[in-house]
Amino acid sequence: MVNLLFFGRLGDFAADVPASIEASTPAQIRELLAADFPALGAELHEPQVLVSVNQMIVSWNQKLAEGSEVAFLPPVTGG
Amino acid sequence: MNSLRIQAEDFDLAAEYQSLRQLSLAVGAVVTFTGLVRDFEGQGSIDSLSLQHYPGMTEKLLQEIVDQANSRWNLLGTSVIHRVGKLLPCDQIVFVGVASQHRADAFEAAQFVMDYLKTKATFWKKVEQDGQQYWVESKDSDQAASQRWANDD
């Protein structure tokens with residue numbers, strides 16, 4: 001299992017998403033979520049959305065280790 | 001000296017300036033930038049702004065930005081403060097201060113840190129206005145400002 005975090009506007013679409021999921025890549029997580037939560041799936045397919053694993057930005061095909069923290073990050077708007 | 005703080009509390013601009021000024025006798029220039037909560041692009045006054053961030057990752061990304069600034073310019077000290085939580089119009093959101101021997105380093109590094117902070121650090125703003133809430137969209141102009149430094153590499 002890996003743990004899921006959703007930030008910014010993505011959090012509004014992920015209120016009912018389980019805190020952890022069984023998956024081997026972020027891309028697979030995205031597909032699994034899109035099946036159950038189509039609105040969230042559409043958001044995650046936006047090209048500007050980034051994914052991080054254990055607080056490092058990675059590619060969507062990054063292999064996930066058990067217990068990883070996977071976060072979905074919309075474009076940042078700080079400052 | 002590099003100081004990074006993410007905090008809900010307000011900060012004292014004069015105190016931050018003094019910390020940079022007093023770092024060493026070699027300091028010949030201090031540039032400070034303060035970002036404030038303002039109205040949003042002609043949509044009237046906002047009620048409040050809520051700042052969310054990704055604890056742990058934000059600190060790491062800010063450290064990387066400050067490290068890059070230190071490798072590009074001759075700096076004697078940098079200080080970054082970013083507030084999180086609920087803020088009101090006119091509140092201070094962000095502080096960047098840079099101390100150096102000569103002004104060009106401090107001016108450029110302060111702008112670089114702000115440009116990168118706005119496009120790379122994991123903060124998100126939500127606006128509350130007339131009982132409605134919406135997330136702030138990222139701006140192409142911020143991306144362009146950040147990209148300018150990458151083109152200099």
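Every chain is numbered from 1, with letters handed out A, B, ... down the list of sequences.
For the atom pair B:Leu49 CG and A:Thr77 OG1, the distance stands at 8.5 Å (nearest 0.5 Å). Rounding to the nearest 0.5 Å places OH of B:Tyr54 at 5.0 Å from CG of A:Leu5. Distance check, rounded to the nearest 0.5 Å: CE of A:Met56 to CE of B:Met57 gives 8.0 Å. Within the model, atoms CG of A:Leu50 and OG1 of B:Thr122 stand 10.5 Å from one another, a figure rounded to the nearest 0.5 Å. Atom CH2 in B:Trp135 sits 6.0 Å away from atom CG in A:Asp12 (nearest 0.5 Å).
Summarising the local packing, NZ of B:Lys86 is surrounded by 12 or fewer heavy atoms from other residues, nucleotides or ligands at distances under 6.0 Å. Residue A:Phe37 places its CZ atom among more than 12 non-hydrogen atoms of other residues, nucleotides or ligands, all under 6.0 Å distant. A 6.0 Å sphere centred on CG of B:Asp140 holds no more than 12 heavy atoms belonging to other residues, nucleotides or ligands. By the neighbour-count criterion of 12 heavy atoms within 6.0 Å, atom CG of B:Asp47 is densely surrounded, having more than that number from other residues, nucleotides or ligands.
Among B:Gln143, B:Lys120, B:Met114, B:Lys118, the residue with the largest count of heavy-atom pairs under 4.5 Å with chain A is B:Lys118.
Both the backbone and the side chain of B:Lys125 come within contact range of chain A, with heavy atoms under 4.5 Å apart. Only the backbone of A:Asn54 comes within less than 4.5 Å of a heavy atom in chain B; its side chain stays farther off. For B:Lys126, the part sitting under 4.5 Å from any heavy atom of chain A is the side chain, from C-beta outward, and nothing else. Residue contact with chain A, scored on non-hydrogen atoms closer than 4.5 Å, involves the backbone and the side chain of B:Glu137 alike.
When hydrophobic clusters are built by joining Ile, Leu, Val, Met, Phe, Trp and Tyr residues whose side-chain heavy atoms come closer than 4.5 Å, directly or via intermediates, A:Leu32 is grouped together with A:Leu44. B:Met1 and B:Phe33 fall into different hydrophobic clusters, where Ile, Leu, Val, Met, Phe, Trp and Tyr are joined by side-chain heavy atoms under 4.5 Å apart, directly or via other members. Residues A:Phe7 and A:Ile29 are members of separate hydrophobic clusters, defined by side-chain heavy-atom contacts under 4.5 angstrom among Ile, Leu, Val, Met, Phe, Trp and Tyr. Both B:Val84 and B:Ile46 are part of a single hydrophobic cluster, where members link through side-chain heavy atoms under 4.5 Å apart. The same ILVMFWY cluster, assembled from side-chain heavy atoms under 4.5 Å apart, contains both A:Val2 and A:Val53.
Checked by atom type and distance alone, the side chain of A:Gln55 pairs as donor or acceptor with a backbone atom of B:Pro55 at under 3.5 Å. One N or O on the side chain of B:Trp124 and one on the backbone of A:Pro74 form a donor-acceptor pair closer than 3.5 Å. Judged purely by atom type and a 3.5 angstrom limit, B:His82 uses its side chain to pair as donor or acceptor with the backbone of A:Gly79.
Closest non-hydrogen pair, B:Ser138 versus A:Val76, comes out as CB-O, 3.8 Å.
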